[in-house]
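These notes are about the structure you will find just below.
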Amino acid sequence: MTADAPSTTSDSMARSDAPPLLEMRGITKRFPGVIANQDVSFDVRAGEVHTLLGENGAGKSTLMKIVFGLYQQDEGDVLLRGQPIDVSSPSEAIAARIGMVHQHFMLVPTLTVAENVALGIRSERGPLTDLDAVSDRIRELSNSHGLSVDPDVEVWRLSVGERQRVEILKALYRDAELLVLDEPTAVLTPQEVDDLFVILRRMTDEGRGLIFISHKLHEVMALSDRITVLRNGRVTGQTVPSETTREQLAEMMVGREVKLVPDKPAVTTGEPRLAVQNLSVQGDRGAIALHDVSLEILAGEILGVAGVSGNGQRELAEAVAGLRKPEPGASISIDGTDVSLLNTKARRDRGLSYVPEERMKDGAIAEFSVSENLLLVNHDGDDFTRSGLFDFGKIKEHCQALVNRYAVKTPSIETPTSSLSGGNIQKVIMARELTSGPAVLVASQPTRGVDIGSAEYIHEQLVAQRSNGTATLLISEDLDEVLGLSDRIAVMFEGRVVRIVDAADATREGIGLLMAGVTDSAPAG
Amino acid sequence: GGSDDASSEADEATEESSETGGDESGALSMAIVAPSASEDLAFTQSMIESIEALERDVELQVTDGTFVVEDAAAAIRGYAEEGVEVIVAHGTQFGASLAEIAPEFPETTFIWGTSTDTQGLPNVFAYYPAADQGGYVNGVLAAGVSESGSIGVIGPVEAGDAVAYVNGFAAGAEANGATVNIAYTGSFSDVALMAEAAQAFLANGNDVLTGSSQAVVGAVGVSREAGIPWFGTQANQSSLDPAGVVASQVYHWEVVLEEMLALRDGGTLGGEAYEINLANGGLVIEINPDYPGAADLQATVDETVAAIVDGSITTGG
Amino acid sequence: MSDFFTASILVATIASGIRLATPYLFASLGETIGQKSGVLNLGVDGVMLLSAFFGYWTVLERDNLWLAVAVSLVVGLVMGLIYATITVFFHATQGISGIGIFLFGLGFSELMFRRQVGTPLPVDKLPKIEIPLLADIPWLGEALFQHNPLTYAAFLAVPVVVFMLNKTTFGMNVRAVGENPQAADSLGVSVARTRFIAIVIGNTFAGLAGAALVLELGIFQQNLTNGLGFIAVALVYFGAWRPVGVMTGSLLYGLVAATVLQWKAQGIIPRGASDIASMAPAVLTILALILLANRVPAPAALTRPFARH
Amino acid sequence: MKRLVGAAVPVTAALVAFFFGAIMLLAIGASPWEGLKAMVDGAFGGGDNLARTAVRATPLILVGAGITVAFRTSVVNIGGEGQIVAGALLTTVTALALPDLPAAIMLPIVLLAGIVGGAIAGAIPGALKAYASVNEILSTIMLNLVMVQLMNYLLRGPLIDPAEVASGTRNPQTERLPDGASLPILVPGTRLHLGVPIAIVAAIAVYILLWRTPLGFRLRAVGHSPDAARAAGINVKRNVTNALTIAGSLGGLAGAILVLGSEGQRMQTDGSLAGFTGSAGFNGIVAALFGGLHPIWTIPSSFLFGGLLTGATQLQRSLQVPSALAIALNGIVVVFVVSSDRVRSRLDTMMAARAEMNDSGGES
Ligand SMILES: Nc1ncnc2c1ncn2[C@@H]1O[C@H](COP(=O)(O)OP(=O)(O)OP(=O)(O)O)[C@@H](O)[C@H]1O
Ligand SMILES: Nc1ncnc2c1ncn2[C@@H]1O[C@H](COP(=O)(O)OP(=O)(O)OP(=O)(O)O)[C@@H](O)[C@H]1O
Ligand SMILES: [Mg+2]
Ligand SMILES: [Mg+2]
């Protein structure tokens with residue numbers, strides 16, 4: 001479906017003689033120790049989608065924050081509709097009809113949708129809020145742009161996809177002519193991505209200009225009118241989808257050839273290492289989110305879980321990891337031992353590893369150094385302490401070895417993790433979780449928001465673990481990833497595993513139907 | 001102090017000589033270290049006023065508000081090192097520090113209270129108020145002015161001379177047919193709580209109030225507003241309610257201070273413990289002349305005081 | 001003596017609890033506003049002491065109660081300007097700068113009191129105002145509708161603050177900057193200005209708390225508040241950042257204290273257990289919180305200074 | 001260079017604060033110069049004053065080190081005052097219950113009793129936070145109020161010195177503790193006692209705990225990110241409780257030292273917490289934050305504030321300035337120095353940016 005999203009390339013070409021909506025010339029931006037953008041030139045025309053592509057840390061978000069007034073460039077000029085402008089705060093950007101959907105949601109969870117939209121806008125009623133009018137206008141915009149969301153509900157109650165729609169509504173409400181979308185699809189399901197693209201196309205049809213950032217190449221190929229590639233803060237090329245391929249784009253970004261689909265050697269599977277029986281679990285709001293799930297993963301097997309987010313995958317991962325209490329009657333065993341009553345630590349001691357879905361929230365501690373994050377799960381092993389105190393010599397040796405082995409790009413192992421790129425943080429987490437040679441690995445969204453170079457590497461590591469006899473539960477909303485890596489695929493819908501199919505027989509379409517809850521018509525194959 | 005910048009050099013010269021040569025001017029150098037403020041209308045104020053009432057020329061230095069014992073000890077030692085002749089350590093809690101300091105300064109007289117003994121130190125005088133005696137007299141007066149026969153007593157923490165006063169007061173009032181109700185708020189410093197304690201007594205039909213500690217000022221405010229009589233202790237509290245304060249038991253430490261200083265003049269630097277009481281005039285019931293009917297009360301006071309002094313009444317502190 | 005469960009005693013106890021609750025309520029409402037915007041202020045007690053002293057001094061010198069209230073309010077406002085400047089613009093660590101303000105208030109109010117006044121002299125208190133009609137309701141009228149104007153003001157401030165936080169643009173901004181200042185900033189809401197104003201309002205409330213305390217007592221003394229401001233901060237957590245919750249906490253605290261006093265006055269609490277009984281307001285506040293299981297999280301950006309990068 | 005700026009800014013801030021102090025002194029008619037001299041002399045002039053400053057700093061170091069542990073675990077501890085008193089009470093009860101043992105046996109026991117007392121007072125709000133979601137700011141403030149009443153109850157009631165009852169003075173203080181329970185004086189003629197080095201060692205131990213041991217690692221992990229810690233298998237609730245328990249035990253040790261190092265060899269109360277603790281429970285927070293929440297830096301920082309406190313007594317004595325001025329000055333110093341952090345970091349980034357430009361200029 002995404003492959004043939006409506007295209008208006010010809011329209012935007014027609015308008016190309018007018019001055020571009022936005023033009024950036026020779027932008028340079030430095031942070032202490034990093035040059036995030038160096039002499040970047042870039043423009044967006046009305047009615048087009050211009051995509052920025054680049055590895056983690058290439059400088060995409062920084063460039064966009066300059067457009068939106070969150071950062072100031074050190075050198076270079078920004079022109080809007082041909083006029084040089086100096087945007088020094090978001091409110092000036094908004095006044096210039098620039099909107100931005102940030103990589104991390106910029107929403108106040110405790111406020112309602114209408115309040116989130118109304119923030120910063122002068123109210124008709126003077127000092128009093130005018131939320132009814134805002135709600136009405138939101139409904140109008142929702143209808144005209146296909147963005148269904150209830151304006152009166154608090155944002156924390158919304159699904160990720162709905163929150164994304166609120167972000168776009170905020171820009172539409174302010175009638176943004178230029179809209180920056182920084183990785184808007186990273187957290188969306190394939191269906192939500194399709195819906196989003198329809199909305200975005202409608203916006204370009206109205207003559208708005210869009211800047212789009214994504215690490216998913218099929219999306220980039222489907223949506224973009226033009227593509228600019230950044231590497232290490234510099235522009236390394238510009239192209240249009242019709243003149244390139246995903247492989248070429250990948251090479252432009254990374255500077256070498258990238259394998260988009262991992263090689264999977266044949267592995268003879270062994271005994272079941274993870275066995276889950278009759279697992280039911282409550283979700284965050286108390287209702288049962290996982291119904292009576294049973295599954296088994298053998299040594300040397302990757303079981304992929306496909307499903308639209310919010311259908312119980314998170315609860316499944318957390319229940320296996322010991323972070324969520326199962327309802328009575330469930331059993332979870334690792335290598336034949338029932339661990340369902342044990343805490344996370346005890347499960348980890350029995351061979352569990354867990355790569356959580358939210359990297360910066362659950363996976364790593366931003367303020368900790370790389371080495372501290374590498375030690376997070378096994379810091380008091382005998383290897384690292386001597387008479388109760390840390391043995392820093394051994395720790396350093398161990399961490400340096402991991403950093404080298406997993407090709408983590410970091411100035412040193414003492415660097416705070418927060419200053420690493422997302423892909424490299426994910427590598428740190430993978431290194432930590434895989435070093436013990438786990439019996440069972442639960443990996444949730446292992447490459448979400450990770451650039452293709454790093455994703456390739458992470459995939460290789462998952463495959464290598466499989467060869468070592470690990471039983472892997474791979475949860476991902478990236479269907480390509482699930483299809484490419486799994487031996488079997490479990491499809492989840494409304495908290496149940498609706499079917500488990502052999503990956504060899506699976507197709508995108510078949511899995512897609514199952515994910516939508518359609519079980520009767522076609523077999524997955 | 002009091003030196004002027006203009007003539008600083010000359011002053012410095014005299015100051016130096018006065019420091020080395022002792023009391024050239026004839027004034028006795030004294031210092032007081034006290035836990036609460038000098039103007040607390042209670043414990044500390046009573047001592048400051050007493051020193052000021054001494055019939056000799058005194059140069060007084062004050063360190064007040066030192067509720068932390070370590071600080072007080074430092075101040076006491078500091079004064080001793082400076083050569084101050086008589087140092088008043090006005091707080092029971094300073095006793096332990098004094099036991100360390102006093103032997104180091106055998107030439108200095110330390111006056112310490114409230115305490116009933118000198119810890120065997122030859123240069124320490126001790127003082128103690130028989131607060132129950134004045135309390136008793138106040139109690140007798142209170143029973144007389146109460147119409148309901150119920151009297152409220154507000155205490156801070158049930159300890160120290162607050163207990164003596166409260167118990168003496170209760171004995172006096174009860175001996176004269178009144179019912180006495182006592183509440184300790186649990187704090188020496190919570191003014192608002194004492195005020196509300198007063199309110200609680202009013203609600204229960206008590207029509208005369210008294211109380212102890214520097215936090216009573218709020219309670220006096222309540223009784224003033226309600227227009228009912230109040231009895232004070234430690235210092236004269238008439239200023240808090242010129243029409244409502246009937247009488248205050250006032251500590252006149254000067255009575256015993258004079259005796260101590262006389263001994264010092266004779267070369268005895270300490271070793272005696274003194275009590276101020278009704279008999280020696282250290283405790284005085286000061287009737288507020290502005291209180292309506294004040295004149296009639298003096299006779300009762302004199303009578304009761306006489307009975308306490310001659311032992312026909314025991315106040316049972 | 002008389003029984004606690006007689007109407008007149010209950011009425012007096014409730015009235016006393018309300019009087020005790022008034023300064024807590026003002027102070028904790030103010031603290032709520034500040035915390036809603038993401039700023040912790042541990043200096044409330046110091047601000048209260050300053051405003052109480054200057055209010056008192058005003059009555060002493062000018063004999064004008066309303067001028068005194070105004071002076072207290074202005075002192076709170078000025079302290080708010082100072083605290084807002086150091087937290088919003090200088091990003092001072094909020095816990096510690098608040099303690100700095102507290103120490104300053106504690107010391108400076110005492111210094112001024114001793115220099116300018118010395119011996120505490122009684123001054124007029126705010127008069128009790130009987131609300132027409134309502135004050136005549138048997139029992140209830142006496143308990144609830146015979147208080148001084150600042151007590152009414154404190155309780156009326158509750159719906160006002162609720163309205164302000166929920167129905168005004170400013171209130172919406174306050175809630176936004178306390179929860180996710182980056183988001184508010186990205187929409188052009190000035191985090192600095194919003195917090196600045198919230199802090200100034202909050203401290204002005206602390207100023208009123210000082211006035212309410214000193215003008216109810218009619219006298220000042222060093223450390224008059226006796227830690228009241230810290231309890232007010234605690235009550236904000238009790239009330240889970242909701243004005244009504246904060247009011248409930250203040251009333252609970254005040255009423256328990258009043259009841260304990262009443263029982264002491266009646267001899268229901270034996271004198272030997274007097275100190276133990278005095279623990280009741282603190283203990284019951286904690287117990288109530290455990291039972292209420294009030295698991296509202298704090299404003300997410302509380303104590304975090306905001307900077308764009 | 002960066003170091004220099006780093007130090008210069010707070011020093012300047014402190015000077016500005018003292019400038020305000022000077023204005024206050026002038027306003028009440030005292031000479032600022034004399035005032036400063038008196039304060040410095042009172043704090044650091046001569047062995048005796050230095051010893052007193054050290055003794056004053058001791059509880060600040062301990063409470064401060066505890067605050068470091070708590071804050072590093074993202075737990076606020078306003079309960080230092082109550083924890084000190086809890087420790088002191090258990091120390092007192094233990095010492096009174098024991099016969100007069102030699103100091104070598106007695107001291108470890110009674111110090112441990114203090115630690116246990118404080119630990120209990122810390123564990124309660126810790127467990128309430130971890131297992132009942134009761135905010136620790138609320139519970140620690142409330143527990144302070146409980147502890148003051150408990151102290152008053154015990155010292156005027158069950159623990160009161162029988163001699164006080166006999167004489168009728170009824171001062172709320174305990175009997176003198178056995179001689180073995182006295183902290184030995186290290187420098188004769190001063191108040192410098194064994195408690196001072198004990199506190200310093202404790203602060204160093206806290207440093208080791210936080211950065212050299214698995215337990216400290218877990219505490220810091222929980223402090224930065226409870227979610228990530230939990231996912232890694234660390235018991236967040238237990239560690240939150242641990243943090244306040246450790247903070248409390250350090251406060252309790254401070255309480256034990258206050259009793260055992262007091263001249264009176266006993267615990268006494270003036271009815272308030274501050275009367276016993278000298279507000280160390282609060283000042284320790286200031287000292288710890290001032291020391292950048294680093295247990296080692298808390299030591300000099302505590303000496304500074306200890307010095308301010310002892311200097312204030314001298315100020316009052318020599319200039320007849322109410323000690324309230326010193327409290328106010330203390331507040332001003334705190335406010336100015338914390339406000340200077342921002343200025344310092346601004347200067348740091350400016351300088352870093354300049355260095356960056358020079359570097360990149362060199363490259364091209
Ligand atoms: N506020 C900041 N302070 C210091 N360095 C920063 C800051 N913001 C970004 N950087 C650095 O600038 C570089 C570019 O970061 P940027 O966020 O623009 O990358 P990106 O291309 O958006 O990456 P991703 O795909 O991971 O989102 C990185 O090295 C990053 O670490
Ligand atoms: N992430 C981890 N990696 C390795 N071991 C851990 C980890 N977290 C906890 N442990 C171990 O599990 C035990 C429980 O740890 P936890 O942090 O929950 O409590 P604790 O009170 O710090 O433990 P202790 O009993 O050692 O004081 C600890 O003794 C520790 O050895
Ligand atoms: Mg980015
Ligand atoms: Mg441990």
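In what follows, chains carry the letters A, B, and so on, assigned in the order in which the sequence lines appear, proteins first and then strands, with residues in each chain numbered from 1. Computed over heavy atoms, backbone and side chain alike; hydrogens, waters and symmetry mates excluded.
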Short side-chain to backbone donor-acceptor contact, B:Asn138 and B:Phe169, under 3.5 Å: no

Interchain contact, B:Glu196 with chain C, by part (heavy-atom threshold 4.5 Å): both

Chain C contact via B:Val153 - side chain, backbone, both or neither, heavy atoms under 4.5 Å: neither

Separation between OG1 of C:Thr13 and CD of C:Gln266, rounded to the nearest 0.5 Å: 7.0 Å

Within residues 228-242 of chain B, residues adjacent to chain C where the heavy-atom gap is under 4.5 Å: B:Ser239, B:Leu240

Mind telling me whether C:Phe104 and C:Phe108 have parallel, tilted or perpendicular rings, with 30° and 60° as the class edges? parallel

Side chain, backbone, both or neither of C:Val11 within contact of chain B (heavy atoms, under 4.5 Å): neither

Between B:Gly65, B:Gly218, B:Ala192, the one whose heavy-atom pairs under 4.5 Å with chain C are most numerous: B:Ala192

Under 3.5 Å donor-acceptor, C:Ser16 side chain and C:Ala12 backbone: no

Do any of residues 221-230 of chain C come closer than 4.5 Å to chain B, heavy atom to heavy atom, and if so which ones, in number order? C:Gln221, C:Gln222, C:Leu224, C:Asn226

Return yes if some donor-acceptor pair links the side-chain N/O of C:Asn148 with the main-chain N/O of C:Thr151 below 3.5 Å, else return no. yes

For the candidates C:Gly267, C:Pro122, C:Ala258, which exhibits the highest count of non-hydrogen atom pairs separated by less than 4.5 Å from chain B? C:Pro122

Quick note, side chain to side chain donor-acceptor pair (under 3.5 Å) partners involving residues 137-147 of chain C, not counting sequence neighbours, are none

Exam field: side chain B:Ser212 to backbone B:Ala162, donor-acceptor pair closer than 3.5 Å: no

I'd like to know if the side chain of B:His90 reaches the main chain of B:Phe43, judged simply by a donor and an acceptor atom lying under 3.5 Å from each other, with no hydrogens or angles considered. yes

Given B:Asn206 and B:Asn181, is the side-chain hydrogen bond (donor to acceptor under 3.5 Å, both in side chains) satisfied, shown in steps? CA-CA 8 Å; B:Asn206 300 279; B:Asn181 304 295; 2.7 Å; yes

Listed once per pair and sorted, the side chain to side chain donor-acceptor pair (under 3.5 Å) pairs that draw on residues 251-261 of chain C, sequence neighbours left out: none

So which part of B:Leu202 gets closer than 4.5 Å to some heavy atom of chain C, the side chain, the backbone, both or neither? neither

Between B:Thr315 and B:Asp132, is any side-chain donor less than 3.5 angstrom from a side-chain acceptor? yes

Using non-hydrogen atoms only, which part of B:Glu225 is less than 4.5 Å away from chain C: side chain, backbone, both, or neither? side chain

Determine whether a donor-acceptor pair (N or O, by modelled atom type, separation under 3.5 Å) exists between the side chain of B:Thr44 and the backbone of B:Ala34. no

Atom group of B:Ile182 that falls short of 4.5 Å from chain C, counting heavy atoms: both

Between B:Ser36 and B:Asp40, which heavy-atom pair has the shortest distance, and what is it? OG-OD2, 2.7 Å

